Amino acid sequence: MVEKRLENIMDVCGLIAKILLESGAETTRVESTIAYIGQAAGIDLNCHATMTAIFISTESGATTHLVKPNVSVFNLQKVDEINSLSRQFSAHEIDFDELERSVRNVDHQVIDFTWLEKIIGAGLVSVAPMLLFKATWSDLALAFFVGIVGYLASQWGSKHSKAPYLSVIVGSLVIGLLANLLQYVGIADSAANIIIGSLMPLVPGVPLTNSLREIIDRDILSGLVRGIDAIMIAGSIGIGTIVGSFMAHILTGGI
């Protein structure tokens, strides 16, 4: 009976760690959350999380639970909900059965924004950096719409292809193409300002931030993996932008 309960606790902890890591939490948060849950359950658990595997074991090391995460997209809302549940369980506000039910509900729940919210958000994010460059009002408005088109293009790319980094290449290519064409026809004042702003929805801000935090916390392996992935995304964005600008140059008779 005790062994079955231990197995159940480790299984739930493995699911919690998987949700946290896949949703964008840093490895230190994952490891500390599992330790707190284990203490609240009366079991000393050790957790070692990397970007490719999560290991959970008891203090004696007699039982080990392995979870393989699949880090692809981020959902910080799930991180917040799991953090709230772990705090409630640690404070003995909920029992383990309720914790397990709630965690499994979070795992199966599709927490997402509507397409309208995503589109408006992408447009607003594209406008914000333009304010630093004191862009014209017309360029601000154009950055809003170009950023939305680039975001939609990247979503289309991710839907139709599973190739890594292809979606950001498609999105940045469309942005570079549109911005240069708008400048060529005289609608935009600065294609460079529009490109800088419109690329913001594609920039890997969360992976880069988590990478720096983990390196500072001396989780070198996970930090480097996240950092390299962020650099690859940024490089793909650069390639797409250059290709899009080159295509605009050809279409406008530059060559």
Side-chain angles (χ1 to χ4, degrees), residues 24 51 70-76 112-211 225-255:
M51 298 302 298
N70 181 22
V71 181
S72 56
V73 295
F74 294 102
N75 195 324
L76 298 181
D112 203 356
F113 295 102
T114 64
W115 271 106
L116 180 60
E117 292 172 330
K118 290 180 179 180
I119 290 172
I120 294 176
L124 293 176
V125 170
S126 300
V127 170
M130 297 279 289
L131 299 175
L132 297 175
F133 296 95
K134 299 181 180 180
T136 61
W137 288 107
S138 60
D139 281 356
L140 285 173
L142 290 172
F144 181 85
F145 292 106
V146 173
I148 290 175
V149 174
Y151 173 76
L152 292 176
S154 69
Q155 294 299 307
W156 178 87
S158 62
K159 182 179 180 181
H160 288 81
S161 176
K162 298 300 181 182
Y165 314 116
L166 180 62
S167 61
V168 292
I169 291 178
V170 173
S172 57
L173 185 150
V174 171
I175 290 171
L177 178 62
L178 283 179
N180 283 278
L181 288 178
L182 288 171
Q183 183 180 13
Y184 176 78
V185 298
I187 298 176
D189 293 324
S190 174
N193 285 346
I194 295 176
I195 290 173
I196 291 172
S198 302
L199 289 177
M200 287 301 108
L202 308 180
V203 172
V206 175
L208 184 59
T209 302
N210 284 347
S211 171
V225 171
R226 287 187 190 269
I228 292 172
D229 182 62
I231 292 173
M232 292 292 292
I233 294 174
S236 300
I237 291 174
I239 292 172
T241 305
I242 293 172
V243 173
S245 300
F246 183 70
M247 289 175 61
H249 190 58
I250 294 176
L251 291 175
T252 55
I255 296 180

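Everything numeric here is computed off the predicted structure, so don't read it as measured data.
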Contacts of type side chain to side chain donor-acceptor pair (under 3.5 Å), residue [X], not counting sequence neighbours:
X      : result
Ser190 : none
Ser138 : Thr136
Asn210 : none

Which atom pair, heavy atoms only, marks the closest approach of [X] to [Y]?
X      : Y      : answer
Ala230 : Pro207 : CB-CB, 4.3 Å
Ile175 : Ser198 : CD1-O, 3.3 Å
His249 : Thr252 : O-OG1, 3.2 Å
Val168 : Leu202 : O-CD1, 4.1 Å
Gly147 : Ser126 : CA-OG, 3.2 Å

Ser211 side chain to Gly227 main-chain N or O, any donor-acceptor pair under 3.5 Å?
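Flag set: sc Ser211 to bb Gly227 pair under 3.5 Å.
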Any donor and acceptor pair, going by atom type alone, linking the side chain of Ser172 with main-chain N or O of Ile169 inside 3.5 Å?
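Yes, the answer is positive, given that a donor and an acceptor are paired below the 3.5 Å cut-off.
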Scan the side chains in residues 235-243 for donor-acceptor partners under 3.5 Å anywhere in the protein, sequence neighbours excluded, and list what turns up.
{"from": "Ser236", "atom 1": "OG", "to": "Met232", "atom 2": "O", "distance (Å)": "2.8"}
{"from": "Thr241", "atom 1": "OG1", "to": "Ile237", "atom 2": "O", "distance (Å)": "2.8"}

List the residues meeting side chain to side chain contact (heavy atoms under 4.5 Å, CB included) with [X], not counting sequence neighbours, and say none if there are none.
X      : answer
Leu142 : Asp139, Leu182, Ile187, Ala188, Ile194
Val203 : Met200
Leu124 : Ile120, Phe144
Leu76  : Val79

For residues 226-251, which residue pairs qualify under salt bridge (Lys or Arg N to Asp or Glu O under 4.0 Å), counting only residues two or more places apart or in two chains?
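Residue pairs with at least one partner in residues 226-251: Glu214-Arg226.
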Test: salt bridge (Lys or Arg N to Asp or Glu O under 4.0 Å). Region: residues 118-132. Which pairs qualify, not counting sequence neighbours?
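Found Asp112-Lys118.
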Derivation of the side-chain contact (heavy atoms from CB on, under 4.5 Å) call for Ile195 and Val146:
CA-CA 8 Å; Ile195 290 173; Val146 173; over 6 Å; no
According to ring-ring contact (aromatic ring centres under 6.0 Å, His included), does anything in residues 154-211 pair up with another residue at least two apart or in another chain? List the pairs.
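Counting only pairs at least two positions apart or across chains, the ring-ring contact (aromatic ring centres under 6.0 Å, His included) contacts touching residues 154-211 are Trp156-His160.
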For the pair Leu152 and Trp115, evaluate side-chain contact (heavy atoms from CB on, under 4.5 Å) and give the outcome as yes or no after the intermediate values.
CA-CA 10 Å; Leu152 292 176; Trp115 271 106; 3.9 Å; yes
